[in-house]
2 protein chains.
Amino acid sequence: MDSIDQRILEILQTDCLKTAKEMASELSLTTTPIYERIKKLEKAGYIKEYVALLDADLLGKSIVVFLNLTVKDHHASKRKEFIKQMESLDSITEFYHISGSYDFLAKARFSSIKEYRDFLVNDVASISNISDIESQIVLEELKYTTKIII
Amino acid sequence: MDSIDQRILEILQTDCLKTAKEMASELSLTTTPIYERIKKLEKAGYIKEYVALLDADLLGKSIVVFLNLTVKDHHASKRKEFIKQMESLDSITEFYHISGSYDFLAKARFSSIKEYRDFLVNDVASISNISDIESQIVLEELKYTTKIII
DNA sequence: TATGAAAGGGACATCTT
DNA sequence: AAGATGTCCCTTTCATA
């Protein structure tokens, strides 16, 4: 993992369809070392996946909600069951165990307030171990990047 | 935007390096319609970017923190200034205007607790319009996907 | 670990139904 | 809107320094 590897990762995080040829020219190398370094980085696990990021608004999935949750029963088995149930919900895109006033933080995405309400009433309400929920509805997304600064 | 387009977007969100040939075989089509549909989806803005997702732990960027913020002065100019300052911080990967007890929610990434402390002491403290901060440190990432279910 | 050349396959354009 | 065909360029590999 030298500075060339870092610059390759930087580029791939911005545009993973950039050709090895273009990268080679940017980094003053030929295609072979670029190609081999990328393969090495993939095998070492640095690159997890190559994905397309979509426009949620155009797809009618504009409602984003963060849910702060506390659980009643912290015992291992109940806890695992709770995590499994939360992870299985398709609306939830991110789920974290956190420090602070709440135990868990979830990010969820919906196409309408009705869908969000149904999620609360049907999906979440059926999970028994929740003691408290505080929702933060996203009014505006001001910054979003998947890029990790190395 | 028919069901074939949806399945193409589904595939691209999982693996955007999949060849048109492979997708054609999965969707019982030939490469031409796949290729043309993808180009159409790109031009229409459904696909924003193609990116590589990296392993933060392997890169030594394991500390993730959510910051809940309230601002003192909500007037337009002060507010814009605040947003601009927050967006400019490289540690902050996501930033939202939210409803609820706090005004804003930021997701930030650090390589160490020291780096996080320096961020609070240097970067955040220099932003004058903040009245309250509550940090939620991520103890475990249980689910993370960029995928939007269509 | 890099360069350069060579083979194989996919992207992309065009034509056809 | 989808199928078929052909060209070009990139990916991938190999020999070599």
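Lettering of chains follows the sequences in order, A, B, ..., and the numbering in each one begins at 1.
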Comparing A/Glu36 and A/Lys18 on DNA chain D - which has the more 5′ nearest nucleotide =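 The answer here is A/Lys18.
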Whole angstrom value for the distance that separates [atom2] of [N] from [atom1] of [X]:
X       : N      : atom1 : atom2 : value
A/Leu17 : D/dC9  : CG    : P     : 19 Å
A/Tyr35 : C/dA2  : OH    : C1'   : 16 Å
A/Met23 : D/dT11 : CE    : C1'   : 14 Å
A/Lys39 : D/dC10 : NZ    : P     : 16 Å
B/Lys40 : C/dA13 : NZ    : P     : 16 Å
B/Arg37 : D/dG3  : CZ    : P     : 10 Å
B/Glu22 : D/dT11 : CD    : P     : 15 Å
A/Ile34 : D/dT13 : CD1   : C1'   : 17 Å

message = Evaluate B/Gln136 against B/Asn68 for side chain to side chain donor-acceptor pair (under 3.5 Å), listing each step before the verdict.
response = CA-CA 8 Å; B/Gln136 299 173 304; B/Asn68 290 277; 3.2 Å; yes
query = Contact class for A/Thr19 (heavy atom, under 4.0 Å): base, sugar-phosphate, or nothing?
reply =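 Sugar-phosphate, no base atom in range.
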inquiry  = Is it the case that the ring center of A/Phe110 lies less than 6.0 angstrom away from the ring center of A/Phe119?
reply    =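 A/Phe119 vs A/Phe110: aromatic centres under 6.0 Å.
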query = Are the aromatic rings of A/Tyr96 and B/Tyr144 close, with centres under 6.0 Å apart?
reply =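 Centroid separation for A/Tyr96 and B/Tyr144: 6.0 Å or greater.
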ask   = Side chain of B/Thr32: nearest nucleotide among D/dG3, C/dG4, D/dC10?
value =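 Closest nucleotide to the B/Thr32 side chain: D/dG3.
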key: Proximity to the side chain of A/Leu29 - top-ranked nucleotide from C/dG4, D/dA2, C/dA2   =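 Looking only at side-chain atoms, A/Leu29 lies closest to C/dA2.
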ask   = Can you find a pair of side-chain heavy atoms, one from B/Val51 and one from A/Leu53, that are under 4.5 Å apart?
value =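 Of all side-chain heavy-atom pairs linking A/Leu53 with B/Val51, at least one is under 4.5 Å.
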